[in-house]
Amino acid sequence: MKEKYSPGQIEEKWQKRWEETKLYESKIDPARPKHYALTMLPYPSGDLHIGHWYAITPSDAHARYMRMKGYNVLFPMGFDAFGLPAENAAIKRGIHPAEWTLKNVERMRQQLKSMGAIFDWNREVVTCLPDYYRWTQWFFLKFYEKGIAYRKYAPVDFCPSCNTTLAREQVWGEDRHCERCNTPVIKKELNQWFFKITDYAEELLDFSGIDWPERVKTMQENWIGKSEGAEVTFKTESGEPFVIFTTRPDTLWGVTFMVLAPEHPLVDKITAPEQRQAIEAYRFEASRQTEIERLATDKEKTGVFTGAYAINPVNGEKIPIWVADYVMMGYGTGAIMAVPAHDQRDFEFARKYGLEIKVVIQPEGVGPIAPEEMTEALPALGTMINSGPLTGTPGDQSLKKAIEYVESLGVGKAAVNYRLRDWLISRQRYWGAPIPIVYCPDCGTVPVPYEDLPVLLPEDAEFLPTGESPLKYHDGFRKTTCPKCGGPAERETDTMDTFMCSSWYQYGYLSPYYQGDTPFDPREGAYWLPVDQYTGGVEHACMHLIYTRFFTKVMRDLGLVDFDEPMLSLRNQGIILGEDSEKMSKSRGNVVAPDDLVADYGADAVRAYLMFGWRWEQGGPWDSRGVEGVFRFLHRVWELILGDVEAPATVDATVERALRRKVHQTIKKATVDLESFNFNTYIAALMELSNTMTKAKPQVVGSEGWREAQRCFTLMLAPACPHLAEELWERMGYAYSVHNQAWPVYNPELAAEDSVELGIQINGKIKDRIAVAVDTPEDEIRQLVLARPSVQEAIQGKEVQKLIVVPGRIVNLVVR
RNA sequence: GCGAGAGUGGCGGAAUGGCAGACGCACUAGACUUAGGAUCUAGCGGGUAACCGUGCGGGUUCAAAUCCCGCCUCUCGCACCA
């Protein structure tokens, strides 16, 4: 056998054969357990990135492993095809977004095919096609019917570079920049569509029954930001009520001033004439600040007195009302009660403006606190003092008692507040699914009837971004008739956030572009759902992964599905950096192009290196010498499995037994590693087995043990290197296909060692080693150890106080 | 500031209470060769050695990279959250 491993030939050959024989078509099969494996669908940017390979090919290996374990596996692929880059490219180059997108889809589909994954292309979805987005619109209508979609005139985040509004989740960082283009966002007051995701806030905090990374769950918890406390209604001196939220109702008697956010609607009403000018100036400054750039969080607090007073409902005290920008309109009610003695922010504010400080919680173990001597607030719970009827209430009951008290007065109640905001889905851009709503001068807001879906995106729109939807200037689109009264009406011209499209795509794959009256074929759904294994980047923790959970819960409430969570298990891959350890980017010139790597080393070597090089969930810098190392390994595998070696006159039975042991130990290791996404040690185990086989080969070739090793090695290689494994399988004379074979089963008896080397420790330090049979009784081990010259020497003249034998591991002598 | 995760050879990493450094990269020496950036063989944490070594300092244990306490550093997320 002189032929060498040439990946280019065999990969092309097998990809063709797999397609011809429809090897990876997934069909409902009630006789077999199903496994729905899903990986986040790519945006068709036009070029597959090494990051896509890193995310997808190990996921494919896992799905292939499940397939070999006997599961009927569905592993679909598609394209998240609406979105800004298409429009931006169109503006720059004068190509239509649809043309640009579909051309990229075509190219990326070919690139994805070079991976040799088990994608079932019959189930592909492209989210910008009308047959897909009619269902995105269908969901909007269902949400509207259910009262989840609503329209509101509100201040919203707007990216001046992308020229569109953004969901709160798409605004990142301290300077509140756009997730896409990093431009700081501005506030705009606009009529926009929202989804009431806040109705599901509590349920979204429940992760029971799903196996998701702790990190993602924590990020979602933080994002939802539940806090428990009370709502208390204060009144202004003139009798105007306003509600505040507090987590510390036990400090109500310590309130010395109130603070309203600059945007709070009450500010205008209550401001005293002599303060009006100062307040207006402050509000103008505050609005400018959000429009320019947010300053650091440790900036000094500022505020202005309104000239108005509030009455504290628990003691009738008259307290000044201030306006300050450290209170946000977007959180709670936009108004707070300020307790400087027990809240650091209020403390700093009070000190700056000379406001009163009243201590109402007595810290343990110290005497009375004089407000004028305080240097910081005392935020801890403790015994209530100076608190009218509740004075003396201990810290472990104070919150409960305080809430009961305000409830008894009828001025407040226990309340839960969430940081989560409703999901803003309107976008003032062209390349998205139109919102299926018509505004009629007589009938008002009218949903487009289901039978009129999809509301098609006109192909001939001018898509220059102006901050308003391009559809607004397309009369043919905008002008329509009211579905209710038939009179002239106008369409909603904003399009939907692309996260809408990706919130339900896992259902779209089941029966792409379904023509029934639900978004997917219920028979397919009954078999495949929910997704068993999801993989993708952690950067979507608070966007896509919250939205898709929300969608599924609404779908459940609509009776479309009968489960609560879309994806039972989730794993996140890390990020591959450039060889310079920096983020890959064209401007740095450190981009690794997968197409070139496939041309040089073949898809199998790239796949195996991506699994072997790092802890998958962590990622790290690319190493071009590393991929060469794996490429060399695959060459050695070729030679090892197929290379001719003269058979020995007699097979060495000891070597054969040792080889079988290693084979079965490797099966065990590879199984555990693949199940737990430890791809690096899975490949390492295959390398170890290959090393053992290489050494044993001349003594055992021709034996049953050798054939078992060849066969098992090839089977275990199949998830990582599907083309090479298929070629080896064929050349060994087995029937097509290796990918229809069962994963090898490990035999514990064959895997068991018959002798072990025990380390001998004296006072915990290794001094010697001893090889013994596995079943050697402890007594005999003691004797053997004590008889060793090295041990004799070490314990001479000393007393052996203890002799610990850990079977199969170690012996430790405690000597004084 | 709050929350989460991580610190092990020159590098990626292995080992979750029991012989630290599996596997690979890089490196060194040798073999084969006209030649080698191919291939094969051997070596490869530090130290001449006794010994010392898993971010630092304590502790628990016969035994700690692993468990506990305190610190340091880095990464990520959130951030005036009332």
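The chains referred to below are lettered A, B, ... by the order of the sequence lines, with proteins before strands, and numbering in each begins at 1.
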| query | Can you tell me how far P in B/rU61 sits from the matching atom in B/rC68, rounded to whole Å? | reply | 16 Å

| Watson-Crick or G-U wobble mate for B/rC71, both contacts under 3.5 Å | B/rG55

| Going by atom types only, do A/Tyr326 and A/Asp346 share a side-chain donor-acceptor pair under 3.5 Å? | yes

| How far does the P atom of B/rU39 sit from the matching atom of B/rG57, given to the nearest Å? | 44 Å

| task | Compare side-chain N and O positions of A/Arg168 against OP1 and OP2 of B/rA79 and report whether any pair is under 4.0 Å apart. | result | yes

| request: Side chain of A/Trp172 only, please: which of B/rC80, B/rC78, B/rG18 is the nearest? | output: B/rC78

| query | Would one find a side-chain N or O of A/Asn222 under 4.0 angstrom from OP1 or OP2 of B/rA4? | reply | no

| request: Using the C1' atom as the reference point in each nucleotide, state the distance between B/rG1 and B/rG24 in Å, no decimals. | output: 42 Å

| said: If you count heavy atoms of other groups shown closer than 6.0 angstrom to NZ of A/Lys235, is the number above 12? | reply: no

| With syn defined as a glycosidic torsion within 90 degrees of 0 and anti otherwise, which applies to B/rG9? | syn

| query | In Watson-Crick or G-U wobble terms, both distances under 3.5 Å, what is the partner of B/rA31? | reply | B/rU39

| Hey, does the side chain of A/Ser227 come within less than 4.0 Å of B/rA82's phosphate (OP1/OP2), counting only N and O? | yes

| Phosphate contact (B/rA14 OP1 or OP2) by A/Arg615 side-chain N/O below 4.0 Å | yes

| said: Does A/Lys226, at its NZ atom, have more than 12 non-hydrogen atoms belonging to other residues, nucleotides or ligands within less than 6.0 Å? | reply: yes

| request: Return the minimal non-hydrogen interatomic distance between A/Leu570 and A/Pro213, and the atom names on each side. | output: O-CD, 3.2 Å

| task | Look through every strand shown and name the nucleotide pairing with B/rC2 as Watson-Crick or G-U wobble, where both distances are under 3.5 Å. | result | B/rG77

| Taking atom P in both B/rU60 and B/rA79, what distance in whole Å separates the two? | 44 Å

| field | Candidate nucleotides B/rA14, B/rC23, B/rC62, ranked by approach to the side chain of A/Asn691 - the nearest | value | B/rC23

| note | Regarding the side chain of A/Tyr326, the nearest nucleotide among B/rA82, B/rC80, B/rA14 is B/rC80

| message | Can you check the distance between B/rA20 and B/rG53, where both ends of the measurement are the P atom (answer in whole Å)? | response | 12 Å

| request: For B/rA79, take OP1 and OP2 only and decide whether either is under 4.0 Å from a side-chain N or O of A/Arg419. | output: yes

| If you measure from the C1' atom in B/rA22 to the same atom in B/rU54, how many Å do you get, rounded? | 15 Å

| query | When only distance counts, do a donor and an acceptor, one from the side chain of A/Asn812 and one from the base of B/rC62, lie under 3.5 Å apart? | reply | yes

| request: Provide the distance between the two C1' atoms, one in B/rA4 and one in B/rC11, to the nearest whole Å. | output: 27 Å

| Heavy atoms under 4.0 Å, any strand shown: does A/Val814 hit a base, just sugar-phosphate, or nothing? | sugar-phosphate

| message | Between A/Lys217 and B/rG3, is there a contact of a side-chain N or O with OP1 or OP2 at under 4.0 Å? | response | no

| query | Does the side chain of A/Tyr547 come under 3.5 Å of the side chain of A/Glu169 through a donor N or O and an acceptor N or O? | reply | yes

| field | Pairing partner (Watson-Crick or G-U wobble, both distances under 3.5 angstrom) of B/rG10 | value | B/rC25

| message | Would you measure the distance from the C1' atom in B/rC78 across to the matching atom in B/rC44 and give it in whole Å? | response | 46 Å

| task | Show your working on side chain to side chain contact (heavy atoms under 4.5 Å, CB included) between A/Trp212 and A/Leu545 and close with a plain yes or no. | result | CA-CA 11 Å; A/Trp212 281 29; A/Leu545 288 171; 4.0 Å; yes

| said: Assuming nearest nucleotide by heavy-atom distance, tell me which of A/Thr218 and A/Pro621 is located more 5' along RNA chain B. | reply: A/Thr218

| remark: Of the listed B/rU39, B/rA6, B/rC80, the closest approach to the A/Arg632 side chain comes from B/rU39

